[in-house]
Amino acid sequence: MTIPVGEIRSLLEEYPRTPVVGTVGSHSALDIADGAVTEGLSSLVLAQAGREATYAKYFRTVRGHGGGRRRGCVDDVWTFPHFSDVVAAEAQERLRTHGVLLVPNRAFSSYVALSAIEDEFRVPIVGSRNLLRIEERTERENYYTLLDRAGIPIPHAIADPNAIDGLAIVKLPHATRRLERGFFTVSSPEEYRRKSAHLIARGTITADDLATARIEEYILGPVFNFNFFFSPLVPREEGLELLGVDERRESTLDGLVRLPAAQQLELSEAARIPEYTVVGHGTLTVRESILEEVFRLGEKFVNATREHHAPGILGAFCLQTCLDRDGHPTVFDVAARIGGGTNIHLGLGHPYGNALWRTPMSTGRRIALEIRRGVDDGRLKEIVT
Ligand SMILES: Nc1ncnc2c1ncn2[C@@H]1O[C@H](COP(=O)(O)OP(=O)(O)O)[C@@H](O)[C@H]1O
Ligand SMILES: [Mg+2]
């Protein structure tokens with residue numbers, strides 16, 4: 001059974017006054033750690049053996065004689081054989097004893113089973129534990145159903161491959177690298193059959209995943225991932241903030257688009273099918289007249305989560321959009337937690353976050369600031385689940 005929010009919140013009664021900001025060592029952990037230490041808190045990274053050097057060596061905090069940080073932002077690293085070991089009973093006990101508040105990132109919700117996070121992980125999560133599952137496209141209640149109810153534009157779903165009529169994207173996991181994508185685009189039922197057979201034969205996708213894949217309209221336009229923050233600690237009308245906007249670099253898609261058309265046509269048919277593995281991020285701003293619509297979408301998302309998934313979104317979230325020919329955003333994906341691209345404003349802040357806060361404001365720092373306010377005002381309970 002899902003751990004009641006009240007049970008998690010009462011764990012804070014045993015916590016030290018100043019909590020430690022912990023996160024799983026991948027995805028956006030550096031932004032979270034950097035933000036924590038910038039706000040005067042200490043940071044902990046839960047790493048997996050073999051993947052810990054970034055945190056344990058290269059960004060590890062080194063203290064000077066006075067005890068102050070001389071370099072680095074990762075104060076402590078606990079290494080586990082597997083990420084999923086963070087839910088083991090001893091690990092949970094250790095996290096609670098150290099006063100750790102866990103900031104969930106996609107590494108946490110991908111490498112640890114969602115059922116374990118929901119039913120067993122008795123450590124306060126800064127954010128919305130119950131919303132992590134909406135990211136799973138194969139769930140009955142997922143982000144598409146939520147966005148639809150919220151009145152937020154989403155790409156039209158195509159229920160039957162025979163109804164494909166125009167550019168569409170087929171969304172399913174990669175056959176072997178399960179956390180990566182086996183996405184492909186098609187324009188007709190015939191192309192769907194030909195391409196899917198080819199991708200199954202080359203081992204990129206499986207027939208089973210294809211059967212439950214989401215097929216949707218391809219929105220032709222640039223990707224803008226809007227990194228928002230919602231605070232329940234201020235009046236509702238001040239709660240929503242836009243901190244920054246990122247875009248992704250995806251292989252092999254971005255490699256292909258850097259080739260002139262003549263060279264693209266020289267590639268084999270297999271090489272012409274792009275892969276969508278995220279390998280990095282860039283930063284963007286959006287045309288100013290589009291901002292208001294972006295805020296409207298953010299407000300609708302906040303309201304819908306509060307109505308349908310109480311207590312609703314708490315803290316960072318990301319709406320991933322494509323802007324169509326008229327500049328209207330369509331949301332094709334949601335992160336109900338810190339987005340994957342927030343390292344774009346790691347340490348530096350982002351034009352929007354900085355303009356709002358009058359100081360460098362990254363998502364990691366904003367999360368830490370919220371924790372600090374929660375501690376100072378005795379309202380920490382309201383931002384954890
Ligand atoms: N409906 C769509 N139209 C156009 N591009 C899309 C659409 N859906 C996804 N994409 C592209 O695929 C990438 C990954 O899609 P996304 O739904 O975010 O998958 P994931 O959940 O694996 O992150 C996006 O960054 C975007 O480039
Ligand atoms: Mg996405």
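For ligands, and for the atoms within them, numbers begin at 1 and follow the listed sequence.
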Could you identify the single nearest non-hydrogen protein atom to [atom] and state the distance to 0.1 Å?
atom	value
atom 10 (N) of ligand 1	Ile169 CD1, 3.8 Å
atom 1 (N) of ligand 1	Glu216 OE2, 2.8 Å
atom 15 (O) of ligand 1	Phe183 CE2, 3.3 Å
atom 22 (O) of ligand 1	Arg181 NE, 2.4 Å
atom 5 (N) of ligand 1	Tyr218 CE1, 3.5 Å

- Are Phe80 and Tyr111 close enough that their ring centers fall under 6.0 Å? no

- Query: From Leu323 CG over to Ile219 CD1, what is the distance, rounded to the nearest 0.5 angstrom?
  - Reply: 10.5 Å

- Between atom CD of Glu139 and atom CZ of Arg133, what is the distance when rounded to the nearest 0.5 Å? 4.5 Å

- Message: Once you restrict to heavy atoms under 4.0 Å, what part of Phe332 touches ligand 1? Side chain, backbone, both or neither.
- Response: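 Phe332 to ligand 1: contacts from backbone and side chain alike.
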
- Task: Carefully, step by step, assess Gln263 and Leu256 under the rule side chain to side chain contact (heavy atoms under 4.5 Å, CB included).
- Result: CA-CA 9 Å; Gln263 265 172 280; Leu256 284 169; over 6 Å; no

- Item | Option of least heavy-atom distance to atom 8 (N) of ligand 1 (set: Lys171, Glu135, Glu250) |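 The residue whose heavy atom sits nearest atom 8 (N) of ligand 1 is Lys171.
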
- Message: Counting only heavy atoms, tell me which of Gln320, Arg248, Glu136, Arg137 gets closest to atom 17 (O) of ligand 1.
- Response: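 Among Gln320, Arg248, Glu136, Arg137, the closest heavy atom to atom 17 (O) of ligand 1 belongs to Arg137.
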
Do [X] and [Y] have a side chain donor and acceptor closer than 3.5 Å?
X	Y	answer
Asp31	Ser362	yes
Ser231	Glu241	no
Arg96	Tyr15	no

- Metal site the Mg ion (ligand 2): N/O/S of Gln320 inside 2.8 Å: yes

- Query: Does the ring of Tyr276 carry Arg181 above it, NZ/CZ under 6.0 angstrom from centre and within 45° of its axis?
  - Reply: no

- Message: So, regarding Ile219 and ligand 1 (criterion: nitrogen or oxygen to nitrogen or oxygen, under 3.5 Å), is there a contact or not?
- Response: yes

- Task: With side chain to side chain contact (heavy atoms under 4.5 Å, CB included) as the test, would you mind laying out the steps for Leu131 and Tyr143 before giving the verdict?
- Result: CA-CA 9 Å; Leu131 285 171; Tyr143 69 88; over 6 Å; no

- Would you call Glu217 a ligand 1 contact, heavy-atom distance under 4.0 Å?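 The answer is yes: ligand 1 sits under 4.0 Å from a heavy atom of Glu217.
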
- Query: Relative to the heavy atoms of Pro155, which atoms of ligand 1 are at a distance of less than 4.0 Å?
  - Reply: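 Those of ligand 1 that fall under 4.0 Å from Pro155 are 1 (N).
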
- Message: Please list, in number order, the atoms of ligand 1 under 4.0 Å from a heavy atom of Tyr276.
- Response: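 That gives atoms 12 (O) of ligand 1.
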
- Task: Identify, by name, the N, O or S atom of Asp333 lying closest to the Mg ion (ligand 2).
- Result: OD2

